[in-house]
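Take a look at the structure set out below.
For clarity, every value in this text was computed on a predicted model and none was experimentally measured. Values reported hereafter were calculated over all heavy atoms of this structure, with side chains retained and with hydrogens, waters and symmetry mates removed.
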Amino acid sequence: MFHIYEGFHLVDAYHKMRYQRKYNPDTRRAVKIALVALVTLLLWNMPAEWFGIQNLTVIQQRVIAIFAFATLMWILEIVSSWATSVSIIVLMLLFCSDSGIAPMVNEEEVGSLLSYKGVMASFADPVIMLFIGGFVLAIAATKTGLDAQLAKVLLKPFGTKSEMVLLGFLLVTGLFSMFVSNTATAAMMLTFLTPVFRQLPPEGKGRIALAMSIPVAANLGGMGTPIGTPPNNIALKYLNDPEGLNMGLGFGQWMMFMFPLVIVLLFISWRLLLKFFPFTQKTVELKIDGGMEKNFQSTVVVVTFIVTILLWLSDRFTGINANTVALIPFCVFALTGVINKRDLEQINWSVIWMVAGGFALGYGLNASGLAANAVESIPFGEFSPLLILVLGGAICYMLSNFISNSATAALLMPILAIVCGAMGDKLDPIGGTGTVLIGVAIAASSAMILPISTPPNALAFATGYVKQSEMSKMGIIMGVISMLLGFGLVYLMGTLHLI
């Protein structure tokens, strides 16, 4: 969706680098594959009583093995995250469903089977529709030049003073990443910064501040809306699941407390960037090429954007949930010719498959009865609510710095939903289940220590203006601040029963 930007070559190089690292055959990769195979087969075939879970069926044991397979494959990054997700779905269909290999799925011998329709439906979950709607909006904005036009208009009020230009890029990047892929946002904004970099003296640190502002703002901005980043969508799925927590958390309700948090964090990051990387040149001239053509399609995109956002924000009054609203722009753009079949190829299908695999894991845990058995066998009610919150956030933060934050959320959310559900009212002192799951989503967006932590980090690092030590310093400080303020906010909102 961002091929038109000069900065796309950075995105392309980043993905090629990661692909080469995963798929080049070497000894380390062979060892990783052997480890995954060994652990998976061990869990698949070991005596059921060793798990310590009462009434464990063969199907439930296989789900445990598949879950372990997914965890190791995502953490070790042996293949792309979406490829692991496809494997999860196929393994469940073949060995755990009522459409599996006949000798392997004799229900009398292996226990209650998963519905193959239920497994496949993971790809058509309503939250997936929310993803697709968000991608379509981003494609239409890029295609018509609306994003570049908005950037020009929104950055203009910040003038030419270096410090204010930095603030402008932080706020505009943060705003864009609430509705557009943070990778696309980072590619676009770094392209706009290219002429600015040329104006700044090489001996100063202003270039570092501007280059760092893009990944920081893109990562933090994603917290602001349910469609800003995949972990938000995944959290919303488990919070609103009619057969689970059924909290009915809406798009507008999410933004009500997360949008102010993002703004505060962006201002804090602004002051930190100025402290660590002060400008020696006091003014810079901004020149942003491109813009929106005045034609029928552009008008359709602008009106549809406004209507969609208003419907998202007013879901409590209209009764139309965010997932349904997300399909309205898709319908409008298709009927008016704003997007065509070639544009659909720009949808980030790898992310959708990645999330669908996580949903399939959650379905397997619940539909197989494994979650219920685990709740009965493990005394979750005796766990400390604060420990669950801190441990869940810490694990998510650590993993998200090294692997996809989508994969991290897909692993942790189903487990935490089960744990929180089993704890019941004991989570009330920290604001309930919403505090934990939204806290994990915040932790995922806060992880930005390394160039490999997120695509925006990699893009900023590829400019050559940012050293890894500088990125780590800023990433650690902002990550800690983000989690402290974020956890504090959701705790407060939870105890006041606003979520």
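Between the side chain of Glu470 and the backbone N or O of Lys467 there is at least one donor-acceptor pair closer than 3.5 Å. Between the side chain of Ser472 and the main chain of Ser469, no donor-acceptor pair closer than 3.5 Å is present. A distance-only check finds no donor-acceptor pair linking the side chain of Thr463 to the backbone of Leu459 [under 3.5 Å]. Looking at Trp74, its side chain does come within 3.5 Å of a backbone N or O of Ser81 through a donor-acceptor pair. One N or O on the side chain of Thr299 and one on the backbone of Asn295 form a donor-acceptor pair closer than 3.5 Å. Judged by distance alone, with hydrogens and angles left aside, the side-chain atoms of Ser404 form a donor-acceptor pair with the main-chain N or O of Ser406 at under 3.5 Å. For Asn401 (side chain) and Met448 (main-chain N/O), a donor-acceptor pair under 3.5 Å exists by modelled atom type. A donor-acceptor pair under 3.5 Å links the side-chain atoms of Gln199 to the main chain of Glu285, judged by distance alone. A side-chain donor-acceptor contact under 3.5 Å links Asn240 to the backbone of Gly248. Looking only at distances, a side-chain donor or acceptor of Gln297 sits under 3.5 Å from a matching main-chain atom of Gly337.
Proximity of Met471 to Ser453: side-chain heavy atoms (C-beta onward) are nowhere separated by under 4.5 Å. Here the side chains of Ile388 and Pro385 are not in contact, with every heavy-atom distance at 4.5 Å or above. Met212 has its side chain out of reach of Phe276: every pair of non-hydrogen atoms, C-beta onward, lies at least 4.5 Å apart. Residues Leu35 and Leu76 have side chains in contact (heavy-atom distance under 4.5 Å, counting atoms from C-beta outward). Here the side chains of Leu210 and Val196 are in contact, with some heavy-atom distance below 4.5 Å. In this structure, Val436 and Cys420 have side chains that are in contact, with non-hydrogen atoms separated by less than 4.5 Å. Phe251 is not listed as a side-chain neighbour of Val325, based on a closest heavy-atom distance of 4.5 Å or more. Taking the side chain as every heavy atom from C-beta outward, Asn232 and Thr229 approach each other to under 4.5 Å.
Counted within 6.0 Å of CZ on Phe259, heavy atoms from surrounding residues, nucleotides or ligands total 12 or fewer; the atom is thus considered open. With a 6.0 Å radius and a threshold of 12 heavy atoms from other residues, nucleotides or ligands, Met398 has its CE atom at or below the threshold.
Across Ala151 and Val172, no two heavy atoms sit closer than the pair CA-CG1, 4.4 Å. Between Met255 and Pro260, the shortest heavy-atom contact is O-CD, 3.6 Å. When all heavy atoms of Phe69 and Ser87 are compared, the closest pair comes out as CE2-CB, 3.9 Å. When all heavy atoms are compared, the tightest approach of Val490 to Phe487 is CG2-O, 3.4 Å. Scanning both residues, Ala443 and Gly393, for their nearest heavy atoms gives CB-O, 3.4 Å. Across Leu170 and Ser269, no two heavy atoms sit closer than the pair CD2-OG, 3.8 Å.
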- Item | side chain to side chain contact (heavy atoms under 4.5 Å, CB included) assessment of Tyr238 paired with Thr433 | CA-CA 10 Å; Tyr238 289 102; Thr433 302; over 6 Å; no
- Message: Go through it in stages, so that I can follow the logic: the residues are Ser482 and Ile442, the test is side chain to side chain contact (heavy atoms under 4.5 Å, CB included), and I'd like the CA-CA distance, side-chain angles, deciding distance and then a yes or no.
- Response: CA-CA 8 Å; Ser482 172; Ile442 290 171; 4.2 Å; yes
- Message: Does Thr185 form a side-chain hydrogen bond (donor to acceptor under 3.5 Å, both in side chains) with Asn182? I'd like the steps, not just the answer.
- Response: CA-CA 5 Å; Thr185 299; Asn182 60 9; over 6 Å; no
- Message: Apply side chain to side chain contact (heavy atoms under 4.5 Å, CB included) to residues Val216 and Thr173 and explain how you reach the verdict.
- Response: CA-CA 9 Å; Val216 169; Thr173 303; over 6 Å; no
- In sequence, state the C-alpha distance, the side-chain angles, and the governing distance for Leu273 and Ser213, and then conclude on side chain to side chain contact (heavy atoms under 4.5 Å, CB included). CA-CA 8 Å; Leu273 285 169; Ser213 70; 3.9 Å; yes
- Task: Begin from the C-alpha positions of Thr408 and Asn405 and carry the test side-chain hydrogen bond (donor to acceptor under 3.5 Å, both in side chains) through to its verdict.
- Result: CA-CA 5 Å; Thr408 304; Asn405 60 10; over 6 Å; no
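To the nearest 0.5 Å, atom OG of residue Ser446 and atom CE of residue Met478 are 8.0 Å apart. Distance check, rounded to the nearest 0.5 Å: CD1 of Ile309 to CG of Leu137 gives 7.5 Å. For the atom pair CD1 of Ile438 and CE of Met493, the computed distance is 9.0 Å after rounding to the nearest 0.5 Å. Distance check, rounded to the nearest 0.5 Å: CG of Leu344 to CZ of Phe330 gives 5.0 Å. The distance from atom CD1 of Ile139 to atom CD1 of Ile347, rounded to the nearest 0.5 Å, is 5.0 Å. Within the model, atoms CE of Met178 and CG of Leu220 stand 9.5 Å from one another, a figure rounded to the nearest 0.5 Å.
Geometrically, Lys205 does not engage Phe279 in a cation-pi contact defined by less than 6.0 Å to the ring centre and at most 45° from the axis. For the pair Lys237 and Phe359, the cation sits on the ring face: its NZ or CZ lies under 6.0 Å from the ring centre, inside 45° of the axis.
Trp270 pairs by the ring pair (Phe, Tyr, Trp, His ring centres under 6.0 Å) definition with nothing, not counting sequence neighbours.
Sorted by first and then second residue, the ring pair (Phe, Tyr, Trp, His ring centres under 6.0 Å) pairs with a member in residues 448-484 read Phe197-Tyr465; sequence neighbours excluded.
Remark: the Thr454 side chain and the Asn457 side chain contain an N/O donor-acceptor pair separated by less than 3.5 Å.
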